[in-house]
Amino acid sequence: MKATPMQTEARREPVADALALRPLSRALGAEIHAADLTFPLEGPAFERIRRALDEADGLLVLHDVQMTPGQHIELARRFGPIERHAAEGFAHPDHPEILVVSNIMKKGRPIGAIYAGQYWHSDMSYVSRPPMQSLLYALQLPGIGGDTMFANMYRAYEALSGPMKRFLGAVEAVHDYSHAYDTYFNRLKERPPLTPELRAKVPPVRHPVVRTHPVTGRKSLFVSPGFTTGFVGMPAEESGPILEFLFGHSVRPEFIYRHRWRMRDLVIWDNSCTLHLATADYDLSTPRRLHRVTVAGGVPR
Ligand code: OGA
Ligand code: MN
């Protein structure tokens with residue numbers, strides 16, 4: 001008999017002891033010292049990581065991870081097929097599956113996505129099947145600053161009132177990549193503009209505002225100031241103030257964990273139940289370089 005996700009969940013034993021997992025905050029996240037793990041992880045070791053990610057509400061930090069770009073991609077593939085970023089210009093020259101997140105300039109051009117994610121967002125929520133997991137690996141870091149913040153969108157949903165939950169459960173929201181350009185990237189000279197080709201490749205899409213996690217069966221809020229522009233069928237005067245409320249509510253301090261990166265940290269997050277933001281507080285002349293591999297997801301429901 002095929003168990004539903006909720007039944008599976010109820011039978012599970014917590015994996016924390018087996019992995020020496022430590023909670024990172026009251027809000028979300030757990031951390032593991034990866035010295036004893038062999039990458040890419042296989043079999044039961046990988047299954048424990050996958051479950052730990054769900055148990056930690058969609059955020060896992062692995063410290064001291066020694067892996068090659070190929071192993072990074074292989075590890076991501078265990079979660080599911082790789083999703084490439086819509087903008088090809090940010091890809092690693094030898095590994096197109098890897099998105100380079102960096103402020104480093106070579107020959108007057110950034111080597112990857114510069115100023116990536118300096119607003120609250122869920123990766124690529126502007127496509128019809130947004131990615132589930134992102135795996136971000138730190139290779140060069142500024143001496144101080146450049147933290148990444150994560151917000152627990154299960155908690156954000158659960159903290160809403162009954163009437164608000166019912167209203168949001170009945171509406172869809174529009175997600176649009178060009179919104180990030182209009183409100184943010186267009187002001188930054190190093191960031192290449194949104195080309196008409198890329199614009200055509202990523203037209204605005206609709207998603208439920210409240211989605212249900214395919215494994216945990218829990219509901220989470222799925223809107224972000226990065227890409228969400230309005231509710232379907234509602235004028236901006238109506239949807240704007242509600243969205244503004246939700247954006248502020250989603251990132252209340254008690255829903256947030258702030259990650260201070262160390263070299264060779266691998267941070268894995270679930271884009272369906274978290275938001276994240278890159279803190280723009282470091283000197284751009286100090287190099288920061290991370291590799292991201294992103295795993296494909298299904299249609300949010
Ligand atoms: C990302 C992202 C945040 C950061 O890679 O998806 O948003 O701090 N990065 O670099
Ligand atoms: Mn991101």
Side-chain angles (χ1 to χ4, degrees), residues 24 28-29 58-62 65 69 72-73 75-76 79 82-92 95 97-104 110-127 130-153 175-177 179-181 183-185 188 190-191 202 222-228 250-251 256-284 286-297:
L24 279 167
L28 77 163
L59 179 67
L60 214 50
V61 174
L62 282 72
V65 173
H72 186 179
I73 296 163
L75 174 60
F79 285 96
I82 306 297
E83 172 84 45
R84 294 193 190 177
H85 196 266
E88 285 154 14
F90 305 142
H92 188 289
H95 301 276
E97 299 90 345
I98 292 179
L99 172 87
V100 178
V101 174
S102 185
N103 61 356
I104 299 172
I111 64 163
I114 187 168
Y115 306 116
Q118 295 182 345
Y119 41 78
W120 286 103
H121 67 285
S122 166
D123 288 335
M124 296 179 70
S125 74
Y126 49 81
V127 299
M132 282 300 278
Q133 298 87 2
S134 294
L135 293 83
L136 189 61
Y137 186 46
L139 294 163
Q140 273 180 281
L141 296 169
I144 190 158
D147 296 353
T148 308
M149 293 200 266
F150 295 88
N152 185 333
M153 298 298 272
H175 294 241
D176 188 347
Y177 190 36
H179 182 64
Y181 280 82
T183 54
Y184 186 68
F185 291 141
L188 305 166
E190 295 90 348
R191 181 88 181 195
V202 285
F222 191 58
V223 291
S224 75
F227 305 128
T228 310
S250 301
V251 300
I256 286 177
Y257 163 70
R258 179 174 180 139
H259 186 61
R260 180 180 282 192
W261 289 92
R262 297 186 224 156
M263 289 290 280
R264 291 179 302 282
D265 274 352
L266 172 67
V267 177
I268 306 177
W269 66 86
D270 181 329
N271 285 294
S272 76
C273 58
T274 62
L275 295 183
H276 60 282
L277 171 143
T279 308
D281 64 348
Y282 56 97
D283 179 356
L284 255 199
T286 59
R288 183 176 187 270
R289 182 169 61 95
L290 303 95
H291 282 177
R292 186 182 101 190
V293 184
T294 306
V295 181

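Note that ligands are numbered from 1 as they come in the structure, with each ligand's atoms numbered from 1 the same way. What you see is a predicted model, and the numbers here were worked out from it, not measured in a lab.
When the Mn ion (ligand 2) is compared with the N/O/S atoms of H121, atom NE2 turns out nearest. The nearest N/O/S atom of D123 to the Mn ion (ligand 2) is OD1.
Y137 has its side chain within reach of R264: a pair of non-hydrogen atoms, C-beta onward, lies under 4.5 Å apart. Residues R292 and H85 meet the side-chain proximity criterion, which asks for heavy atoms closer than 4.5 Å. Side-chain contact check for L188 versus I114: every heavy-atom pair is 4.5 Å or farther apart.
Note: L290 CG to L135 CG = 12.5 Å, rounded to the nearest 0.5 Å. With values rounded to the nearest 0.5 angstrom, I256 atom CD1 is found 11.5 Å from T274 atom OG1.
Within a 6.0 Å sphere centred on CD of E88, other residues, nucleotides and ligands contribute 12 heavy atoms or fewer. Within a 6.0 Å sphere centred on CG of L284, heavy atoms belonging to other residues, nucleotides or ligands number more than 12.
Of all the atoms in ligand 1, the ones that sit under 4.0 Å from a non-hydrogen atom of L136 are 5 (O), 9 (N). Counting the atoms of ligand 1 from 1 in the order shown, those under 4.0 Å from a heavy atom of H276 are 1 (C), 2 (C), 6 (O), 7 (O). Atoms of ligand 1 lying under 4.0 Å from any heavy atom of D123, numbered from 1 in the order shown and given with element: 6 (O). Heavy-atom contacts of A278 reach the following atoms of ligand 1: 3 (C), 4 (C), 8 (O) (cutoff under 4.0 Å). Short contacts between ligand 1 and V101, defined as distances under 4.0 Å to a heavy atom of the residue, involve ligand atoms 5 (O), 10 (O). Near W269, meaning under 4.0 Å from one of its heavy atoms, ligand 1 places the atoms 6 (O).
In terms of modelled atom types and a separation under 3.5 Å, the side chain of S122 and the main chain of N271 share a donor-acceptor contact.
Note: no N/O pair closer than 3.5 Å links W261 and ligand 1 by distance alone. Of the polar atoms of H121, at least one N or O is found under 3.5 Å from an N or O of ligand 1, judged by distance alone. By the 3.5 Å distance cut-off applied to N or O atoms, R288 is counted among the residues near ligand 1.
Nearest protein heavy-atom neighbour of atom 1 (C) of ligand 1: R292 NH1, 3.5 Å. In terms of protein heavy-atom proximity, atom 8 (O) of ligand 1 is nearest to T148 OG1, 2.6 Å.
The residue F90 has no part lying near ligand 1, judged by heavy-atom distances below 4.0 Å. Under 4.0 Å from ligand 1, not a single heavy atom of L277 appears.
Partners of D176 by salt bridge (charged side-chain N to carboxylate O under 4.0 Å, His left out), not counting sequence neighbours, listed by chain and number: R199.
Applying the salt bridge (charged side-chain N to carboxylate O under 4.0 Å, His left out) test to residues at least two apart or on different chains, the pairs with a partner in residues 269-283 are R258-D281.
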